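This is a predicted model, so every value here is computed, not measured.
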Amino acid sequence: MALMINVLGAAARRRERVFRDRTNPLDLYDDREMFKKYRFNREGVMFLIDLLSDDLEHATGRSKALPASLQVFVALRFYATGAVLDSTATQHGCSISTTSRVVRRVTTAICGKKDEFIKFPRSPEEVRKTQHDFFLLAGFPRVIGAVDGTHIRINGVALGAAEHLYVNRKGFYSINVQLTCDAQYYITSVSARWPGSTHDSRICRTSTIGEAFAAGILDGLLVGDSGYGLQTWLMTPVPIPTTRAERRYNQAHSCTRVVIEQVNGQWKSKFRCLIGSGLHMFPQRAADVITACACLHNISKHLRQPDVHQERAEEDGAEGHDEVRDAMSGRQARDDIINNFFT
């Protein structure tokens, strides 16, 4: 009797591990449903699986490791919905801890491909084509990028002593993200490392793109809103236009710069983890998710994936900045454009 009790006790201690059924979305959904849930149709998902599989496949099948395909689906569902991790975990039959690791793993893999999919025009051929595309919009010359800043909400619980730096002028915690784009709605640069209190103008000046323009490495113009300081390479609107030429300049500037606002709206509508309650993770991890979503935006454009119905993006508005507005050289450059192209 005692022996039987000992055997039963040992068996109870050695409980058999139960692995949940992880349904494969490739077997479940047609193109329409797959796009609705993951923001990519079957062609797009297969492209991403092929692109990332070498980085995601585990060396062994120990502990029923998730295959690369399911890891991609788990991460895409998080990017697409912004749902808390337990919701994404439940849908794919994973634990919350596994889902968190998978999102991090896939995000890191996508960020590793950043230079393949996010490129600022630099060669003479790329610059000429980009300037031509922008000129066709409204006749604004020499533009090779539109720039704007947008705030991505984050959780302030784990910010520690730097908490106050992440509070933006609207009173919530955020990362101030700088995007540039071309006239074909591709994101050409993304900078997601600045706390929400940082001015757009400072981010632009100290970014890789801004420093390249200031050093003369890049030849052309950016167009930005009035939150930026006027530079010889960054054109902003005339604050109070008084002549017909200045009004025509402002109209052309607006019609050219609107592309970055449209990109921002498309980007956030497609990857809703970037809106709503925001990213509940440390700032560096949030920055990586933001960068990964920028890469996915360009991949979606490249594959001609459908666009999501675009909701009106919240206007970040113009901010003050910590430099003298309309420096003489920048004002002269703007006046030259007005006189040569809009009189």
Side-chain angles (χ1 to χ4, degrees), residues 38-40 48 51-52 54-58 65-66 68 70-92 94-118 149-168 172-179 187 189-198 203 206-208 264 267-268 270-300 316:
Y38 300 101
R39 296 302 192 255
F40 285 87
L48 291 171
L51 177 71
L52 303 173
D54 288 345
D55 299 308
L56 300 179
E57 287 290 1
H58 294 273
L66 268 65
L70 189 54
Q71 293 183 59
V72 169
F73 276 113
V74 168
L76 287 179
R77 182 62 177 169
F78 172 74
Y79 302 145
T81 64
V84 290
L85 289 176
D86 58 347
S87 174
T88 304
T90 300
Q91 179 172 346
H92 296 91
C94 310
S95 67
I96 297 176
S97 59
T98 296
T99 300
S100 179
R101 287 194 298 270
V102 165
V103 170
R104 179 62 181 162
R105 187 179 177 91
V106 175
T107 297
T108 301
I110 296 173
C111 288
K113 313 289 185 184
K114 175 186 174 183
D115 292 342
E116 296 180 35
F117 297 104
I118 299 180
T150 186
H151 288 269
I152 306 298
R153 191 185 294 262
I154 61 172
N155 187 358
V157 173
L159 295 178
E163 177 180 353
H164 66 286
L165 297 176
Y166 287 88
V167 179
N168 63 26
F172 62 83
Y173 300 107
S174 70
I175 294 175
N176 194 355
V177 181
Q178 176 181 282
L179 298 176
I187 293 172
S189 73
V190 55
S191 176
R193 63 188 179 91
W194 291 95
S197 63
T198 313
I203 295 173
T206 57
S207 67
T208 302
N264 185 28
W267 184 50
K268 290 183 177 180
K270 199 175 190 75
F271 304 109
R272 299 186 68 82
C273 66
L274 304 175
I275 60 177
S277 61
L279 296 166
H280 293 263
M281 53 187 68
F282 290 107
Q284 182 54 57
R285 293 200 172 190
D288 289 342
V289 169
I290 292 165
T291 301
C293 288
C295 293
L296 291 173
H297 169 89
N298 283 2
I299 291 172
S300 176
D316 290 324

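You'll find the side chain of Asn155 stays beyond 4.5 Å of the side chain of Tyr166, heavy atoms only. Taking 4.5 Å as the limit, every side-chain heavy atom of Val177 sits out of range of all side-chain heavy atoms of Leu274. Residues Trp194 and Thr206 have side chains in contact (heavy-atom distance under 4.5 Å, counting atoms from C-beta outward). Leu56 has its side chain within reach of Val72: a pair of non-hydrogen atoms, C-beta onward, lies under 4.5 Å apart. Counting only heavy atoms from C-beta outward, the side chains of Ser174 and Ile154 never approach each other to under 4.5 Å. Using a 4.5 Å heavy-atom cutoff, the side chains of Thr107 and Arg285 are not in contact. Between Cys111 and Lys113, the closest side-chain pair of non-hydrogen atoms is not below 4.5 Å. With a 4.5 Å cut-off on side-chain heavy atoms, Ser189 and Leu179 do not count as touching.
The nearest pair of heavy atoms linking Cys273 to Val289 is SG-CG1, 4.0 Å. The two residues Phe271 and His297 come nearest to each other via the heavy atoms CE1-N, 3.8 Å. Closest approach of Gln71 to Leu66, counting heavy atoms only: NE2-O, 3.0 Å. Residue Ala80 comes nearest to Arg39 through the heavy atom pair CB-CG, 3.5 Å, listed as atom of the first residue, atom of the second, then distance. The heavy-atom pair separating Ile175 from Ala286 by the smallest distance is CD1-CB, 3.9 Å. Nearest heavy atom pair, residue Arg153 against residue Gly276, reads NE-O, 3.3 Å.
Side-chain contact annotation: Thr198 with Asn176, donor-acceptor N/O pair under 3.5 Å absent.
A donor-acceptor distance shorter than 3.5 angstrom exists from the side chain of Ser197 to the backbone of Leu165, with no hydrogens or angles considered. Judged by distance alone, with hydrogens and angles left aside, the side-chain atoms of Ser100 form no donor-acceptor pair with the main-chain N or O of Ile96 at under 3.5 Å. At least one donor-acceptor pair under 3.5 Å links the side chain of Trp267 to the backbone N or O of Cys293. The backbone N or O of Phe117 sits less than 3.5 Å from a side-chain atom of Asn298, completing a donor-acceptor pair. Between the side chain of Ser300 and the backbone N or O of Leu296, no donor-acceptor pair lies under 3.5 Å.
A perpendicular orientation is assigned to the rings of His151 and Phe172, their planes being inclined by more than 60° (bins at 30° and 60°).
How far CD of Gln178 is from OG of Ser207: 4.5 Å, rounded to the nearest 0.5 Å. To the nearest 0.5 Å, the span separating CD1 on Ile290 from OG1 on Thr150 amounts to 9.0 Å. With values rounded to the nearest 0.5 angstrom, Ile275 atom CD1 is found 9.0 Å from Ile152 atom CD1.
Every residue was checked against the salt bridge (Lys or Arg N to Asp or Glu O under 4.0 Å) condition with Lys114, not counting sequence neighbours, and none meets it. For Glu116, the side chain to side chain donor-acceptor pair (under 3.5 Å) test picks out no residue, with sequence neighbours left out.
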Do Ile299 and Leu48 pass the side chain to side chain contact (heavy atoms under 4.5 Å, CB included) test, and can you show the C-alpha distance, the side-chain angles, and the key distance before you say yes or no? CA-CA 9 Å; Ile299 291 172; Leu48 291 171; 3.9 Å; yes
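Taking the ring axis of Tyr79 as reference, the NZ or CZ atom of Lys270 does not stay both within 45° of it and closer than 6.0 Å to the ring centre.
Classification of Asp55 and Arg105 as a salt-bridged pair fails, no side-chain N sitting under 4.0 Å from a carboxylate O.
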